[in-house]
Every structure is written in structure tokens, then in C-alpha cells.
Amino acid sequence: MATTYITTPIYYVNDRPHIGHCYTTLVADVLARFHRLAGDDVLMLTGTDEHAEKVIDRAREAGVGVREWADRNAQAFRDAFTLMGFSNDDFVRTSEDRHKTRASRYIQQLVDSGDIYLGDYVGWYDPGQEEYVTESVAKAHDYKSPVSGKPLEKRTEKNYFFRLSAYEQRLAEHIEKHPTFIRPEARRNEVLGRLRQGLQDVPVSRAVRDGDDADWGIRMPNDPGHRVYVWIEALCNYLSVVDTPERGHYWPASIHLLAKDILWFHAVVWPAMLLGMGRPLPRCVYAHAYFVAEGRKMSKSLGNFIEIDQLRAYGSRFSIDAVRWYLATRGPLGATDADFSYANFVDIYNAELANGLGNCASRVVNMVQKYFEGVTPNARDATVHGGVDWPSLTESHTRAAREAINAVDLFSAGHNAMAIVTAVDGYINTTEPFRLAKRVTGPDDPAHADLALILYNCAEALRIAALLFLPFMPAKSAAVLDMIGAIIPEPGGLDDHTSWRGKFGLKPGTPMQKGQGLFMRVEADEPAPKA
RNA sequence: GGCGAGGUAGCUCAGCUGGUCUAGAGCGCUGGAUUCAUAACCCGGAGGUCGAGGGUUCGAGUCCCUCCCUCGCCA
């Protein structure tokens, strides 16, 4: 059995869940669901990153303990992900013991091997923010605080460093040798370009501030005056969660999904740490681009972040599955940003979900209701009919969808499912079952057998399409399967279930139910749902 | 400044190593056909000097050079 381990970043617990978190996790979810269906042993992991000093500060401002603050915010992510219908197998919080104990063991190992050493850190310190800013940021702000505008101080402090420079060669070789290690390709080029400019060691700790919760964060082994930098410790979650006897086989991860802003840590620092620990590297680090909102970059100052409340509002109006479909198939998987716009959402919703899938299911079930008393007709097995070779058509779209999933091409995977729906619509127009029905004189009329065949084929094709839609739209796809009296597959059922009139093909005599419309058409002038 | 990704129909984008591209798809628009269906589905049509200029070539959206614009990365 193939093993598939899919991760998302762990999200900064001070954030409010927004479209960015949801998008990355949705991509992971669609992949995870597809792989489960295909029979892989899947582990999908997401979670929260909790040890930043700002978490302590915000908790203090809110007048609650840091633990309580983190609990509350982590729960907001859990709730958001439940709303989105995500199927993560685990949710890790860096404040959990399972993570802390193993992460500090990894750090210890790197100290022992000499990959982490004590050195002098010289940098630009912002006293107001109590943090260092990078050289480029400092320069861009004329060596003044980007926040307060007050001058930055050049400070030196004792820090532990990770010997990143030692891995320059091996990393470059690995990336060169494995073209799909960093994806998409533009990101790979970016990393290779920066690698050519040479690597410097990176600080991995800083001195603990007075008065901070002693239990918060991870201390440097043998030097508790230093706290491990949160980003370096956070990276360890991917390994710490599976570094157990039961889950050890999941490592190395099949894919780390993330947004482009944290590419460097995932494509360079983390792999170098793994090399230092003698662990295999993840098979793929996939950095997607951003969603922008209505053509404008989302930012705190513009206040135009699409937050979970807004996605919930869209979900209530159009169904969460419609939101999933739109985000998954129009999302910024490539190197360039994608736009989340209401007008575009409505276009896609109407064209693909309402006029496409929803209408097709409706017309098929409706005819079965009218001409066969709502029972799956008993049809002869004709491979090719009405100019369509159904077994090979559905088989080739199934195969193409699988390949697309393996290539992390959600648009193509989804549209191979949609192509089956389009084929059903075309087939109905060519064979005109509604016309045939008027000519049928009785059950012995050959036209009756043709009618049965046509409608059976339509429903059977729809069944296979629904299976391929399942990872994208779990609830709506299940509703389609339910409408036509098909069985919802168990994990591993993909092959058996997608075979044309196979073991799980539609059974003649099974009732079909129209139910309510799947996706009702929206008028273009309807205002956007409000959060 | 260095590096990277782009600029192709109203919109979103495909077009890999140059010749079935006299340039494609989906959406939108428009004409027709049809009525089983969620005014939907099906067929047809209009719409682009492929960012600008120069070059290589028998032939360039596709290669080279210059320039313009957009976006990303710079620990």
C-alpha cells in the first residue's frame, strides 16, 4: 500500500483564520481525500504554531494566561477547518508535549553533531518591538523602525546558530537532481538562484526575556537562558508528529504544502536540518501563490482580508462545497496570484455547478422518474452507443484525474470529472431520450430498450463523475450518488467504483430520488453574501 | 541593484524542444435548434497586428537582442 503524508504549515496562532489558511489546507484535503479513495495509507497533518513571543504578549494584553489564549485561538482554526470540511487526520499544536520533547531532541542532536553552535549575532534591533529586523528591511526603512520610525540599534548578542552554510553544496545537488523537489518550477529557480549566492549560518535561538512564562516555548538543551527560535522549532512538527513507532513509516513526507512566503524555510533550512539529522528529505515542497481579493492584494492596512466569516457566508448561501470547488479549481497553485472575486465566483458557480453538474443530475433523474417510475432501468450492456464509448471515456477521464492529482493540478483533476458531465449532456442531446419516450408503444418496443440504455448510461456516467468530484465536494458528490442510488465508496474504492458497470455499477431496480436542486442558479445581480 | 515569473480574444488562461497556429479553450456576448432539465442543455458566429522595436530563419506567439509594463524573492 502506498503511503502518502501530506502537511500544511502550522498556522500562527495569533492569526484569525482566513482564506489563505483555508486554501492551503483545502489543497491538502483534496489531495488527501483523493489518495485515500485510491487506497493509499494517508496522513494529513495541519495545526498551529504557538510559541512566538507575541503570543505571550497578546495573551497578556487580553488579560488571560498564554495557554488559555492559545487554546482559544487554536480552537478557532479547528472550527474553521471543520466548517470547510477538512479531513485532516491530526492537528498538532507546538505547545503539545509530543512536539516539544521530540523537537528539543532534534535540536540536541544538531548541537551534538556541531551543526548548532554558540556565536555572536549582530543585527538591527527595534527596541519598541523588541525584535530584530533583517538587514534588507532595516535598509529599506533607512535604519529606522518600520513600526515606530525610531532609530534601530545595532546590537550584538550571544546566539546559537545553525550551520546552514555547510549544506549549500548538498542542497543544491539535491534540488538539481530532483526536479520536482521544489514546485512550482519558478520557485525552484528562485531557490537555486539564491543558493548560488551562498548560504550563511542562521540564528536559531535568542535570550529569554525576563518574566516570560517558563513553560512557553522550547529552551536550548543545556542552556535554558536561550529559547529556540519559534520558526526553527515549528518546522520540526512535520517530523515530530510521525516520529513514533506507529507512524514512523510516514516519513519522509510526500508533500509539504505552503504559501510562497515561507518557501525559504521549507526548501532550504528545513532540508538542511534534516540532512544534519541524517533523515531523508521530503519528496516535494510545494509553494503556491496568494489569493488576492477583488483584484487587490489583501493586507491588514486595507482591511480586506477574506476571513473565515466571509467564507462561511458564501457557504451558507452557495454551500461550502461550492466554495471548495471555486477555491480548489481557481486557486493560485502556480507561481502567480489568483483573484477571489464575487463576480468570478458567480460565473463559475453558475456555469459549472448549477448549469453543469446540478442541471445534468436533475435532467437525468427527472427522466428516470418520468419514464421508469423513478427506478434505475434495466439496460442491455452496449459499450458504444450514441457515438460515445462510455467505458473508455470514463476510464480515460478517471486516469487523467488521477494523474492530475499526482501532479498537484487540481484544475485539471476537477475538470476531468466535469468533462464526463459535459459528455452526458451532449449524449442526451444526440440521443434525445425525451423524444424516444413519446414513440415508445410498450415494454416490448425496441425503443423502450433504447430508452432504458440511454438513461442507464447517463446515470452510470454521472456516478463515476460524482466519484471524481468527491475529494472536491464531499457532501454534494455524496448527494449525487444518493440521488441515483449509488453507493458511497470506502477508502480504497476508487478502482472498483469507477469501473463502468462493474461491481459497484448502478443496479437496475434501485430507486432514484430527485431531492432538492443540488446547486441552484444565481442571478448575476444578486449582491455578494455578507459576513 | 541581483535573481525569478509573466505580458496571447471583453474576462481567466492553454499554446513543450520554431512549420496541421491561415492563432486555441472556458466564461461572457450573439444567432439557431430543442424541451428531459435549474430561462438550463446542444450546434453555429463575432471578437486578438500573440507588450513594443529590431534580428536569425525558407518559415517565429514559439529562438536572439534592446526597451516598456506587472508581479515575486533577496535569509
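Remember, it's a predicted structure, so these values are computed and weren't measured experimentally. Per chain, numbering begins at 1; letters A, B, ... match sequence-line order.
If you measure from atom CZ of Phe161(A) to atom P of A75(B), you get 15 Å, rounded to the nearest angstrom. Residue Leu199(A) contributes atom CG, which lies 19 Å from atom P of C73(B) at whole-angstrom precision. Between the CZ atom of Phe519(A) and the P atom of A40(B) there is a distance of 18 Å, rounded to whole Å. Taking atom CH2 of residue Trp325(A) and atom P of nucleotide G26(B), one finds them 16 Å apart after rounding to whole Å. When the C1' atom of U70(B) is taken as reference, atom CZ of Arg296(A) falls 16 Å away, rounded to whole Å. The distance from atom CD of Gln369(A) to atom C1' of U38(B) is 15 Å, rounded to the nearest whole Å. Spacing between atom CD1 of Ile348(A) and atom C1' of A25(B) amounts to 13 Å, rounded to whole angstrom units. Counting to the nearest Å, the C1' atom of A75(B) and the CG atom of Asn159(A) are 15 Å from each other.
Using the six-membered ring where Trp is involved, Phe345(A) and Tyr342(A) have ring planes that are parallel, under 30° apart on the 30 and 60° scheme.
Using atom P as the reference point in both U8(B) and C74(B), the two lie 27 Å apart (nearest Å). Nucleotides G24(B) and G48(B) have their P atoms positioned 13 Å apart, rounded to a whole Å. G7(B) sits 25 Å from G19(B) when the C1' atoms are compared, rounded to a whole Å. Here, C21(B) and A25(B) have their P atoms 11 Å apart, quoted to the whole Å. For the P atoms, the distance from C73(B) to G55(B) is 38 Å, rounded to whole Å. The gap from the C1' atom of U22(B) to that of G26(B) amounts to 23 Å, rounded to the nearest Å. G72(B) sits 26 Å from C64(B) when the P atoms are compared, rounded to a whole Å. Of the C1' atoms belonging to A9(B) and U56(B), the separation is 29 Å, rounded to the nearest Å.
Within the nucleic acid shown, Arg330(A) has no heavy atom closer than 4.0 Å to any nucleic acid atom. Within 4.0 Å (heavy atoms only), Gly198(A) reaches at least one base atom of the nucleic acid. Note on Leu455(A): nothing from the nucleic acid sits closer than 4.0 angstrom, heavy atoms only. Within 4.0 Å (heavy atoms only), Leu263(A) reaches no atom of the nucleic acid at all.
Annotation: of the two residues near RNA chain B, Lys297(A) and Asp347(A), the 5′-most nearest-nucleotide partner is Asp347(A). Nearest-nucleotide assignment on RNA chain B puts the 5′-proximal partner with Leu353(A), out of Leu353(A) and Val202(A).
A distance-only check finds a donor-acceptor pair linking the side chain of Asp339(A) to the backbone of Glu294(A) [under 3.5 Å].
Side-chain contact between Glu352(A) and Leu357(A) is absent, with no heavy-atom pair separated by less than 4.5 Å. Proximity of Ile218(A) to Tyr106(A): side-chain heavy atoms (C-beta onward) are nowhere separated by under 4.5 Å.
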Exercise for review: Please step through ring pair (Phe, Tyr, Trp, His ring centres under 6.0 Å) for the pair His21(A) and Tyr12(A), ending with a clear verdict.
Suggested key: CA-CA 10 Å; His21(A) 308 119; Tyr12(A) 179 38; 9.5 Å; no
Point to revise | Criterion salt bridge (charged side-chain N to carboxylate O under 4.0 Å, His left out) on Arg194(A) and Glu190(A), from CA distance to verdict | key: CA-CA 6 Å; Arg194(A) 278 180 67 184; Glu190(A) 243 171 54; over 6 Å; no
Point to revise | ring pair (Phe, Tyr, Trp, His ring centres under 6.0 Å) between Trp325(A) and His415(A), worked out | key: CA-CA 11 Å; Trp325(A) 175 257; His415(A) 282 267; 5.6 Å; yes
Exercise for review: Go through Arg439(A) and Asp445(A) one step at a time and tell me if the salt bridge (charged side-chain N to carboxylate O under 4.0 Å, His left out) criterion holds.
Suggested key: CA-CA 9 Å; Arg439(A) 293 209 325 255; Asp445(A) 188 336; over 6 Å; no
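Taking a cutoff of 4.0 Å between a charged side-chain nitrogen and a carboxylate oxygen, Asp337(A) and Lys297(A) do not qualify as a salt bridge.
If you check G26(B) for Watson-Crick or wobble pairing at under 3.5 angstrom, you find it paired to C11(B). Nucleotide U20(B) forms a pair with no other nucleotide shown, judged by Watson-Crick or G-U wobble geometry with both contacts under 3.5 Å. The partner of C73(B) is G2(B), judged by Watson-Crick or G-U wobble contacts that both fall below 3.5 Å. Look at C63(B): its Watson-Crick or wobble partner, with both distances under 3.5 angstrom, is G55(B). In this structure, G47(B) makes no Watson-Crick or G-U wobble pair, since no nucleotide meets both defining distances under 3.5 angstrom.
Contact detail for Trp270(A) and His256(A): the closest heavy-atom pair is NE1-NE2, 3.1 Å. Shown here for Phe340(A) and Ile306(A), the closest heavy-atom pair between the two residues is CD2-CD1, 3.3 Å.
Judged by distance alone, the side chains of Tyr371(A) and His448(A) never bring a donor and an acceptor atom under 3.5 Å apart.
Nearest nucleotide to the side chain of Glu190(A), out of A75(B), U38(B), C73(B): C73(B).
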Could you list, one pair per line, each protein nitrogen or oxygen that sits under 3.5 Å from a nitrogen or oxygen of nucleotides 5-9 of chain B, together with the distance?
{"residue": "A5(B)", "atom": "OP1", "partner": "Asn189(A)", "partner atom": "ND2", "Å": "3.2"}

Pairs: protein N or O with nucleotides 32-37 of chain B N or O, under 3.5 Å:
{"residue": "C36(B)", "atom": "OP1", "partner": "Lys438(A)", "partner atom": "NZ", "Å": "3.0"}
{"residue": "C36(B)", "atom": "O3'", "partner": "Asn366(A)", "partner atom": "ND2", "Å": "3.2"}
{"residue": "C36(B)", "atom": "O3'", "partner": "Lys370(A)", "partner atom": "NZ", "Å": "3.1"}
{"residue": "C36(B)", "atom": "O2'", "partner": "Asn366(A)", "partner atom": "ND2", "Å": "3.1"}
{"residue": "C36(B)", "atom": "O2", "partner": "Arg363(A)", "partner atom": "NE", "Å": "3.2"}
{"residue": "C36(B)", "atom": "N3", "partner": "Arg363(A)", "partner atom": "NE", "Å": "3.4"}
{"residue": "C36(B)", "atom": "N3", "partner": "Arg363(A)", "partner atom": "NH2", "Å": "2.6"}
{"residue": "C36(B)", "atom": "N4", "partner": "Arg363(A)", "partner atom": "NH2", "Å": "3.1"}
{"residue": "A37(B)", "atom": "OP1", "partner": "Asn366(A)", "partner atom": "ND2", "Å": "3.3"}
{"residue": "A37(B)", "atom": "OP1", "partner": "Lys370(A)", "partner atom": "NZ", "Å": "3.2"}
{"residue": "A37(B)", "atom": "O2'", "partner": "Asn359(A)", "partner atom": "OD1", "Å": "2.8"}
{"residue": "A37(B)", "atom": "O2'", "partner": "Ser362(A)", "partner atom": "OG", "Å": "3.1"}
{"residue": "A37(B)", "atom": "N1", "partner": "Arg363(A)", "partner atom": "NH2", "Å": "3.3"}
{"residue": "A37(B)", "atom": "N3", "partner": "Asn359(A)", "partner atom": "ND2", "Å": "3.3"}
{"residue": "A37(B)", "atom": "N3", "partner": "Arg363(A)", "partner atom": "NE", "Å": "3.1"}

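Glycosidic conformation at G47(B) (O4'-C1'-N9-C4 for purines, O4'-C1'-N1-C2 for pyrimidines): syn, within 90° of 0.
The shortest distance between the side-chain N/O atoms of Lys260(A) and the OP1/OP2 oxygens of C71(B) is not below 4.0 Å.
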